[in-house]
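Please read the structure below before turning to the comments.
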Amino acid sequence: MKHGLLAAAVMMAVVAATGCKAPKRPEVQSAPPLVADEDRLPWAADEPWFVVIRKSCRTLDVYRMGARVRSYSAVFGMGGIRDPKLYEGDRRTPVGLYSIVEKRRHPRWGHFFLLDYPNERDNRRYWVALSEGAVPAGAGVGGAVGIHGTDKPNLNRLNVDWTWGCISIANADVEDLNALIPVGTPVLIEP
């Protein structure tokens, strides 16, 4: 699928607003994450691999030719999951369409998948916020946002957002993800 057509399909999917099914929650804090309703993404049927991260569901889902093949629990930036990343140091996770531009081993995370953040939309949002005085003096748009494992497995299990804006999944899951997806895989991060 052409990148422009894919972007249009993704935007339509985001506008359609995905939902999460809430499983029965036990009376402990380490409740399982919500599960997204979409086992198939018709608009991604031509994509060999596609990752959809749903912040509200706390999931990272992997699709092969539009069919979900994996779903992992995920945690995000400690700046909260409600708002998208705006500037460097806000500790928020971005929202939008990205690609994995690099995969590498990492001593703390096991693996690190670098995303092409900031994109054009992120840069525009940053410059508007800067002109409105919503960005602290000296703060840039940021970068080095990616998907990685954890050196805080208990926080991941409890769904505590602890990163500086990245997406963290369990170490066993990041190993599995590394074996599945190649550099160039599109990644949609939804609110």
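Residue numbers count from 1 along this sequence.
Separation of atoms OG (Ser131) and OH (Tyr126) is listed at 10.5 Å; rounding is to 0.5 Å. Atom CG of residue Leu97 and atom CD of residue Glu120 lie 12.5 Å apart, to the nearest 0.5 angstrom. Between the OG1 atom of Thr93 and the CD1 atom of Ile147 there is a distance of 10.5 Å, given to the nearest 0.5 Å. The CG atom of Leu188 sits 9.0 Å away from atom CG of Leu41, with the distance rounded to the nearest 0.5 Å. Within the model, atoms NZ of Lys152 and CG of Leu158 stand 13.5 Å from one another, a figure rounded to the nearest 0.5 Å. Once rounded to the nearest 0.5 Å, the distance linking CD1 of Ile167 with CZ of Phe76 reads 6.5 Å.
Every side-chain hydrogen bond (donor to acceptor under 3.5 Å, both in side chains) that His111 has, sequence neighbours left out, goes to Arg105, Glu175. Remark: Lys103 pairs with Asn178 by the side-chain hydrogen bond (donor to acceptor under 3.5 Å, both in side chains) rule, at least two apart or across chains.
Smallest separation of non-hydrogen atoms from Cys166 and Gly146: CB-O, 3.1 Å. Summarising the geometry of Gly149 relative to Ser168, their closest heavy-atom pair is O-OG, 3.0 Å, with the distance given to 0.1 Å. Between Tyr87 and Ala139, the shortest heavy-atom contact is CD1-CB, 3.9 Å.
Counted within 6.0 Å of CH2 on Trp164, heavy atoms from surrounding residues, nucleotides or ligands total 12 or fewer; the atom is thus considered open.
Asp161 and Arg58 are joined by a salt bridge, as a carboxylate oxygen and a charged side-chain nitrogen come within less than 4.0 angstrom of each other. Under the 4.0 Å criterion applied to side-chain N and carboxylate O atoms, Arg40 and Glu38 are not assigned as salt-bridge partners.
The aromatic rings of Trp162 and His148 are tilted relative to each other, their planes meeting at an angle between 30° and 60°.
Looking only at distances, no side-chain donor or acceptor of Lys85 sits under 3.5 Å from a matching main-chain atom of Val145. Remark: the backbone N or O of Asp151 is not paired with any side-chain donor or acceptor of Arg108 at under 3.5 angstrom.
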Test log, rule side-chain hydrogen bond (donor to acceptor under 3.5 Å, both in side chains), inputs Ser73 and Asn159: CA-CA 8 Å; Ser73 293; Asn159 288 324; 5.2 Å; no
Val101 and Leu115: CA distance, side-chain angles, deciding distance, side chain to side chain contact (heavy atoms under 4.5 Å, CB included) verdict: CA-CA 6 Å; Val101 294; Leu115 300 178; over 6 Å; no
Trace of the side chain to side chain contact (heavy atoms under 4.5 Å, CB included) decision for Ile100 with Val187: CA-CA 7 Å; Ile100 294 173; Val187 176; 3.7 Å; yes
Derivation and outcome, side chain to side chain contact (heavy atoms under 4.5 Å, CB included), residues Arg125 and Leu86: CA-CA 7 Å; Arg125 186 182 310 120; Leu86 188 57; 3.5 Å; yes
Val174 and Trp109: CA distance, side-chain angles, deciding distance, side chain to side chain contact (heavy atoms under 4.5 Å, CB included) verdict: CA-CA 9 Å; Val174 84; Trp109 320 126; over 6 Å; no
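A continuous path of Ile, Leu, Val, Met, Phe, Trp and Tyr side chains, each step under 4.5 Å between heavy atoms, connects Ile189 with Val141, placing both in one hydrophobic cluster. Side-chain heavy atoms closer than 4.5 Å link hydrophobic residues (I, L, V, M, F, W, Y) into clusters, and following such links, possibly through other members, connects Ile181 to Leu60. Trp127 and Tyr117 fall within the same hydrophobic cluster, defined by Ile, Leu, Val, Met, Phe, Trp and Tyr side-chain heavy atoms under 4.5 Å apart, directly or through other members.
A side-chain donor-acceptor contact under 3.5 Å links Asp122 and Tyr98. Of the N and O atoms on the side chains of Asn171 and Thr150, not one donor lies less than 3.5 Å from an acceptor on the other residue.
Aromatic rings from Trp43 and Phe50 are positioned such that their centres are separated by under 6.0 Å.
A salt bridge (Lys or Arg N to Asp or Glu O under 4.0 Å) with Arg70 is found for one member of Asp173, Asp61, Asp176 and no other, namely Asp176.
The shortest distance between side-chain heavy atoms of Val75 and Val160 does not fall below 4.5 Å.
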